[in-house]
Amino acid sequence: MELQTYQQALEHLKKAKREKHLLMGNGFSIAYDPKIFSYNALSDFIKKSNDPLLIKLFEIVNTSNFEQIMQQLNMSKKIISVFDSKSQGLQRIDKSINLLKESLISAVKELHPEYVFSIPEDKSTACAKFLSDYLGTNESIFTTNYDILLYWVLMRNDIQNCIDGFGRDLENDDDEYIPEDDREYSELRWGKHKDIQNIFYLHGALPIFDTGIDIIKEEYDGKYILDKIKERIEKGNYPIFVTAGNGDEKLNHILHNHYLSFCYDKLSTIKGSLVTFGFNFGEYDEHIIRAINLAAKQDKKNCLRSVYIGVYSDDDRKHIEQIEHKFKCKVNIFDTKTANIWN
């Protein structure tokens, strides 16, 4: 496969006058700071904790991949339930699964920069420029990242046509005129602008919570967003967060949450071309390939025609070449080091 530069890929799409969409994975955050945003950094954080159960789990499975540990736990649960559905071991596994999820959330939170302005202005501006290329008419940005980097960049910069679907409802609307000073608005709820939404968190994100009735988004209001998230977690509320193991388990989680399923459906119906950055299409990402193929199988005149996959190394390139047959649309590759997202 021919290795293009990012600029060559973008220029080709521009000449073809094709809609383009962006899919970002963990590599987006790693490109900002590899010491903070990586699975290894998260596992190192947990390994340094004093929880013997978590430490033992990492030792037994011998991996820094949370998804693989979660998959092993779920498989163990299924096997034990076949022999003894009332086994105390099932309760211990459930406890371990919940503990792992909670620790992952805590780790991501603790390993963030302290606040939005910890990100140098030049990096934030460069990233905003990169993102703006994917917010034209009928274009979208998708991310599987849980962290707040994307949220911070979108909040800090005046990016045109940037809509994540959240908005406020007037709470004391009784069909009569209410002076502006007397109007009471809700917290940020998802749904008000979903028809024109173009920012999609496919696996959820730290600021997004499911109250059981509404999907809400925490916001900066003088108090740092990470502090507000921490307060919610301490009260027993947890962000919408896909931490299941393999692709099927992730998809099951997604389809049982109306926000996540909406985002997934949008990915499954995109048209034109999809550009990916920092997303390696590993063995736990089959559900994303499935969504891409659903988009490719639409009407030939209105379908996903191609995907441009960013690769960082020769190993990445070989991997994409080996799985190219899984995609039902044309696959191209480009060198992610030429994208210059953060500078």
Side-chain angles (χ1 to χ4, degrees), residues 3 5-6 9 22-48 58 63-70 103-116 118-131 133-134 141-154 156-157 199-207 226 239 241-243 250 274-285 288 307-320 323 333-343:
L3 182 64
T5 66
Y6 175 72
L22 176 66
L23 169 63
M24 299 188 299
N26 199 41
F28 167 77
S29 302
I30 291 175
Y32 172 75
D33 190 336
K35 295 180 181 178
I36 297 178
F37 296 102
S38 70
Y39 279 122
N40 286 335
L42 292 175
S43 62
D44 288 344
F45 175 87
I46 289 183
K47 287 176 183 177
K48 292 177 182 177
F58 275 86
T63 181
S64 60
N65 191 324
F66 283 86
E67 296 166 339
Q68 188 172 340
I69 294 176
M70 193 69 72
S103 298
L104 177 56
I105 291 170
S106 297
V108 173
K109 177 176 64 64
E110 293 293 336
L111 289 170
H112 268 75
E114 185 178 0
Y115 52 89
V116 61
S118 297
I119 302 174
E121 184 174 358
D122 59 335
K123 288 183 176 290
S124 180
T125 301
C127 185
K129 183 177 182 298
F130 169 79
L131 297 173
D133 282 332
Y134 297 92
I141 295 174
F142 299 88
T143 179
T144 57
N145 294 338
Y146 316 127
D147 61 59
I148 311 181
L149 275 187
L150 175 61
Y151 173 92
W152 272 343
V153 171
L154 295 177
R156 184 173 172 182
N157 297 275
I199 304 291
F200 302 93
Y201 294 91
L202 292 168
H203 287 172
L206 278 173
L226 284 175
F241 217 65
V242 177
T243 56
K250 285 181 178 179
L274 177 67
V275 179
T276 78
F277 185 92
F279 198 93
N280 66 358
F281 294 98
E283 60 180 312
Y284 305 108
D285 299 321
I288 299 298
V307 57
Y308 287 76
I309 301 176
V311 296
Y312 185 78
S313 64
D314 288 339
D315 286 342
D316 288 347
R317 180 175 182 171
K318 291 176 183 177
H319 170 66
I320 298 303
I323 66 169
I333 56 174
F334 68 90
D335 184 354
T336 59
K337 295 187 290 293
T338 63
N340 299 321
I341 290 182
W342 295 103
N343 52 50

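All of these numbers come straight from a predicted model, not from anything done at the bench.
Atom CG of Asp285 sits about 6.0 Å away from atom CG of Asn280, to the nearest 0.5 Å. Atom-to-atom distance recorded for Ile333:CD1 and Asp316:CG is 10.0 Å, nearest 0.5 angstrom. To the nearest 0.5 Å, atoms OH (Tyr134) and CE (Met24) are separated by 10.0 Å. The structure places CG of Asn26 at 9.0 Å from OH of Tyr146, a figure rounded to the nearest 0.5 Å. Atoms CG and CG, on Leu274 and Leu22 in that order, are 7.5 Å from each other to the nearest 0.5 Å. Here the CZ atom belonging to Phe241 is positioned 11.0 Å from the NE2 atom belonging to His203, to the nearest 0.5 angstrom.
Aromatic rings from Phe334 and Tyr6 are positioned such that their centres are separated by under 6.0 Å.
Contact of the Trp152 side chain with the Ser118 side chain is not registered, since no non-hydrogen atoms from C-beta on lie closer than 4.5 Å. Side chains of Val242 and Thr144 form no contact here, defined as non-hydrogen atoms less than 4.5 Å apart. The shortest distance between side-chain heavy atoms of Tyr312 and Phe277 does not fall below 4.5 Å. Between Asn340 and Asn343, the closest side-chain pair of non-hydrogen atoms falls below 4.5 Å. Contact annotation: the side chain of Leu131 approaches that of Leu150 to within less than 4.5 Å [non-hydrogen atoms, C-beta and beyond]. Counting heavy atoms from C-beta on, the side chains of Thr5 and Asp335 never come closer than 4.5 Å. With contacts defined as side-chain heavy-atom distances shorter than 4.5 Å, the pair Phe28/Thr143 does not qualify. The side-chain heavy atoms of Val153 and Tyr32, taken from C-beta on, include no pair separated by under 4.5 Å.
Listed for the His319 side chain is no donor-acceptor partner under 3.5 Å among the backbone atoms of Val311.
Taking each heavy atom of Arg156 and Ser124 in turn, the nearest pair found is CD-OG, 3.6 Å. Considering all non-hydrogen atoms of both residues, His112 and Leu149 come closest at NE2-N, 4.4 Å. The shortest heavy-atom contact between Lys123 and Ile119 is CB-CG2, 4.2 Å. Of all heavy-atom pairs spanning Asn145 and Ala205, the tightest one is O-CB, 4.4 Å.
For Lys337, the NZ atom sits in a packed shell: over 12 heavy atoms of surrounding residues, nucleotides or ligands are nearer than 6.0 Å. Around the CG atom of Asp122, the shell of radius 6.0 Å holds more than 12 heavy atoms that belong to other residues, nucleotides or ligands.
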TODO: Take Phe142 and Phe200, measure what ring pair (Phe, Tyr, Trp, His ring centres under 6.0 Å) needs, and give me the verdict at the end.
DONE: CA-CA 5 Å; Phe142 299 88; Phe200 302 93; 4.9 Å; yes
